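Below is one structure, written out as structure tokens; comments come after it.
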Amino acid sequence: MRVSKAFIPTVKETPGEAEIPSHKLMLRAGLMRKVASGFYEYLPLGQRVILKVNQIIREEMERAGAQEVLMPIMTPAELWQETGRWQKYGKELMRVKDRHERDYALGPTHEEVITDMVRRELKSYKQLPMNLFQIATKFRDEVRPRFGVMRSREFLMKDGYSFDVDDAACDKTYWIMFEAYKRIFKRCGLLCSPVEADSGLIGGSFTHEFMVMADSGEAAIAWCQACSYAANMEKAIGVPSPSAVSQAASEACVPVDTPGKYTVEEVGALLKLPPSQFIKTLIFLADGKPIAVLVRGDHEVNEVKVQNALGATELVLASPEKVMEVTGAPVGFAGPVGLKGVKILADNALKEGHDYVTGALIKDKHLIHVEIGRDCAAPWYNDFRSVKDGESCLKCGKPLKIVRGIEVGQTFKLGTKYSKSMKCVYLGEDSKDHEAVMGCYGIGVTRTVAAAIEQHNDAEGILWPISLAPYQVHLLLLNPAEPEVAKAADQFYEDLKKAGYEVLYDDRTEASAGFKFKDADLLGMPLSVRVGSRGLKEGLIEIKRRREKEPAKVPVAQVLDKVREFAAEEWKLCTH
RNA sequence: CGGGGCGUAGCGCAGCGGUAGCGCACUUGGUUUGGGACCAAGGGGCCGUGAGUUCGAAUCUCACCGCCCCGACCA
């Protein structure tokens, strides 16, 4: 494509609305424009990247035995009512009425539609397994769209659904999809890790989120580089640092004055004791009932873990008034000793330690020499805290890092949740009806594009992995006014195309060399070929990799070989 | 939905009671041409919308709309 004829509106200044690198660069490089909050239009360059991601997904899904279908974006309310999600989904489900006042939802995901489709055709176990996917526009009326295409209301998603005869067969399919996902993201040139996660609204028995590591990510992950253990903070388990005191206190537990000191830090400073010798006591309301959660002074309560352990639907921190009512003291002086009438949960890390300090349930007093089990009843121990950065990995003992990640895909084993409520059954070998066992597998296509930029950019612009780059080679004609230079560049354009490369040819006569360099850095094609009078005089052409600072200068006759060599190196980074 | 901020030229911004401005971009002519060139001449605005206050409103007041950020929420 000649730049002189292309629709690639690059922008020098950063639009004010953009916050994170991918959003800024997608606007600046002319990949997309915003139409309204949460809606974007993709310009030619953006669309080319999307098509590349789609193609990789198609190839890997087909390799894994899935078949492509296409479902409507408008879905009838009755299907959602069958599974109860018409009520449960909330405002995110975009509801619309047609001219006959009939209710529909714009599909945010398609479990109901696909289950309906399959149940109408599924008769015998001989038709299973069945694994179907589509790449289609999804609509979710997000509370707060942000970060450009990272969290938009309309977006492109690959969603796949599998149907198997039983649990074991579903597991097998799940792991085939899991492997396919790893291949897809590797081929997209992304550093991506599957993490154990919570299953949320879709429900089901187990699930992985595929996270692209990037500082701007919305989710925190505990990650071990040594053994590649990775888990969502809601699930992650680490080995805590040793307790401050390992021997039981011989003295009896006694109150001390701590006037005006509420926090672990303040009381610790006053008593000259480390935070890890404290028991931090937080009062929560679980479905309205007060509970106390104990963690070590240097740890934080993980509310999702508490909520899941209790099986509660709602967990909120108690108000100061409620704390007063439950503990008999203001916030800051709660403790397990003498605490009556509430269920007490304690984090596992507290089990090992001794001689603790904790609130005395009296204003301005704390207790020292506290022994759990001696001074108060043994609580319900479980994992109730968040992993801390630098803690040891449970699997290999190496330090865990807390990193941020962008969720680009998720795999769920659904079980029979949908096939049961929607009666998606087949006749088994035993001549009886059985519910199909389902899995579902999503990839945010447009989000993957943003994540790729998030992971591959510098101060000048994008650095596309060659597998996603809109064009593999950016050819720059530096001196368009000089006929012999222009002629040479034109020839390279033809030769490179003939050699099978996708070439963006900056043939503009009005743009200066410097302008073209800046545009090339911004657009981020992995390779650029620079044809100028300076080099041409000596018979040399510059070939520059976007990731390298300096170009290679090669004789005219060797340009294609050098391009081939560099391209091969780039492809190695995107090969599974 | 709570808190904060912003709406002025295509983009980035200034102006904050008295004739609507700057930089970039755009058009024309000329000179340039290896890291976002220079000179000259131009075009482009219901100052988000509506109501008020005022002799006079981009500027003050109120309401509404839109957008952005933080939070709650999130396959």
Side-chain angles (χ1 to χ4, degrees), chain A residues 9-20 23-24 27-28 30 33-39 85 88-93 107-112 138-148 150-153 155 157-161 197-204 207-210 218-219 232 234 303-304 314 316-317 407-412 414 417-418 439-444 447 460-461 476-482 485-486 506 508-523 528 530-537 540-542 544 549-551 553:
Chain A
T10 58
V11 177
K12 190 158 71 173
E13 285 177 288
T14 307
E17 69 196 46
E19 194 77 359
I20 60 170
H23 190 191
K24 289 178 186 169
L27 294 169
R28 284 194 56 210
R33 289 290 185 259
K34 185 173 70 176
V35 176
S37 179
F39 306 113
R85 287 210 289 182
K88 259 191 260 167
Y89 218 110
K91 288 190 177 166
E92 208 176 294
L93 185 67
T109 173
H110 278 71
E111 284 81 9
E112 280 82 355
K138 289 283 182 282
F139 197 99
R140 290 181 195 173
D141 198 3
E142 287 286 346
V143 190
R144 182 149 92 84
R146 61 182 127 176
F147 303 140
M150 205 65 93
R151 181 160 294 271
S152 51
R153 291 197 279 176
F155 56 99
M157 173 169 145
K158 186 288 296 191
D159 49 325
Y161 308 86
D198 212 47
S199 58
L201 240 190
I202 279 192
T207 172
H208 288 86
E209 289 174 344
F210 285 74
E218 293 186 79
N232 198 303
E234 296 153 15
E303 297 185 26
V304 177
E314 188 193 51
V316 289
L317 203 57
E407 183 197 337
V408 288
Q410 187 157 17
T411 51
F412 294 89
L414 292 174
K417 183 179 153 132
Y418 293 91
C440 87
Y441 320 93
I443 292 177
R447 188 185 276 188
E460 301 302 318
L476 309 185
L477 165 57
L478 300 180
N479 313 96
E482 296 179 37
V485 183
D506 198 342
R508 289 175 293 182
T509 50
E510 70 282 4
S512 69
F515 198 99
K516 292 181 181 181
F517 289 143
K518 289 286 185 189
D519 254 5
D521 287 343
L522 176 60
L523 295 182
S528 64
R530 295 141 175 234
V531 184
S533 58
R534 231 184 245 182
L536 213 54
K537 264 180 222 148
L540 296 176
I541 301 294
E542 290 170 22
K544 186 176 170 299
K549 216 172 149 55
E550 294 301 325
K553 296 180 184 180

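Here is how names work: the chains are called A, B, and so on, in the same order as the sequence lines, proteins then strands, and each is numbered from 1. Just so it is clear, the model here is predicted, and its values are computed rather than measured.
As the counterpart of B:C67, B:G5 is assigned, both hydrogen-bonding distances of the Watson-Crick or G-U wobble pattern falling under 3.5 Å. In a base pair of the Watson-Crick type (N1 to N3 plus N6-O4 or O6-N4) or a G-U wobble (N1-O2 and O6-N3), with each distance short of 3.5 Å, B:A57 is matched with no nucleotide. Base pairing analysis places B:C62 opposite B:G50; the two distances defining the Watson-Crick or G-U wobble pair are each below 3.5 Å. In this structure B:G35 sits in no base pair that meets the Watson-Crick or G-U test at under 3.5 Å. The nucleotide B:G17 finds no pairing partner, because no Watson-Crick or G-U wobble arrangement with both distances shorter than 3.5 Å includes it. Summarising the base pairing, B:A25 is matched to no nucleotide, lacking a Watson-Crick or G-U wobble pair whose two defining distances lie under 3.5 Å. For B:G43, there is no paired nucleotide, since no Watson-Crick or G-U wobble pair has both relevant distances below 3.5 Å.
In this structure, A:Arg153 atom CZ and B:C74 atom C1' are separated by 15 Å, rounded to whole Å. When rounded to the nearest whole Å, the span between CD of A:Glu510 and P of B:C38 equals 16 Å. With rounding to whole Å, A:Leu27 atom CG is found 19 Å from B:A25 atom P. Distance CD (A:Glu142) to C1' (B:C74): 6 Å, rounded to an integer number of Å. Counting to the nearest Å, the C1' atom of B:C74 and the CG atom of A:Asn232 are 12 Å from each other. If you measure from atom CD of A:Glu542 to atom C1' of B:G34, you get 8 Å, rounded to the nearest angstrom. For the pair A:Glu234 CD and B:C74 P, the interatomic distance rounds to 10 Å; values are reported in whole Å. Rounded to whole angstrom, the span from the CG atom of A:Leu476 across to the C1' atom of B:G36 amounts to 14 Å.
Taking atom C1' in both B:U8 and B:G44, the straight-line distance is 14 Å, to the nearest Å. Of the C1' atoms belonging to B:C11 and B:C26, the separation is 12 Å, rounded to the nearest Å. A distance of about 13 Å separates the P atoms of B:C16 and B:U59, rounded to the whole Å. Nucleotides B:G4 and B:A9, compared at atom C1', are 29 Å apart to the nearest Å. Across B:G10 and B:A25, the matching P atoms stand 16 Å from one another, rounded to whole Å. On the C1' atoms, B:A58 is 16 Å away from B:U53, given to the nearest whole Å.
Base contact: A:Phe155 has a heavy atom under 4.0 Å from a base atom. Residue contacts shown for A:Lys91 are absent, as no nucleic acid heavy atom lies under 4.0 Å away. Nucleic acid contact class of A:Asp159 (heavy atoms, under 4.0 Å, all strands): none. At the heavy-atom level, A:Arg28 lies under 4.0 Å from base atoms of the strands shown. Looking at heavy-atom distances under 4.0 Å, A:Gly535 makes contact with a base. If you check every strand for non-hydrogen atoms under 4.0 Å, A:Pro108 touches nothing.
Contact record, A:Leu478 with A:Gly532: CB-CA, 4.0 Å, taken as the closest heavy-atom pair. Nearest heavy atoms, A:Glu542 versus A:Pro551: OE1-CG, 3.7 Å. Closest heavy-atom contact between A:Arg146 and A:Arg144: NH1-NH2, 2.8 Å. The heavy-atom pair separating A:Arg28 from A:Pro15 by the smallest distance is CG-CD, 4.2 Å.
In this structure the side chain of A:Pro480 reaches within 4.5 angstrom of the side chain of A:Lys516, judged on heavy atoms. In this structure, A:Arg530 and A:Phe517 have side chains that are in contact, with non-hydrogen atoms separated by less than 4.5 Å. At a threshold of 4.5 Å between non-hydrogen side-chain atoms, the residues A:Tyr89 and A:Thr109 count as touching.
Position along RNA chain B of the nearest nucleotide to A:Val143 versus A:Ser533 favours A:Ser533 as the more 5'-ward residue. Along RNA chain B, the nucleotide nearest A:Ala18 and the nucleotide nearest A:Pro15 are compared for position; the residue whose nucleotide lies closer to the 5' end is A:Pro15.
In this model, no side-chain donor or acceptor of A:Arg144 finds a partner on the base of B:C73 within 3.5 Å. Contact annotation: side chain of A:Arg530 to base of B:G35, donor-acceptor pair present below 3.5 Å.
Note that the OH atom of A:Tyr441 and the OG1 atom of A:Thr207 stand 10.5 Å from one another [nearest 0.5 Å]. For the atom pair CE (A:Met150) and CD (A:Glu218), the distance works out to 7.5 Å, reported to the nearest 0.5 Å. A distance of 13.0 Å separates CD of A:Gln410 from CG of A:Asp159, quoted to the nearest 0.5 Å.
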Can you tabulate the close N/O pairs, meaning under 3.5 Å, that link protein atoms to atoms of nucleotides 22-24 of chain B?
| from | atom 1 | to | atom 2 | distance (Å) |
| --- | --- | --- | --- | --- |
| B:G23 | N2 | A:Glu13 | OE1 | 2.9 |

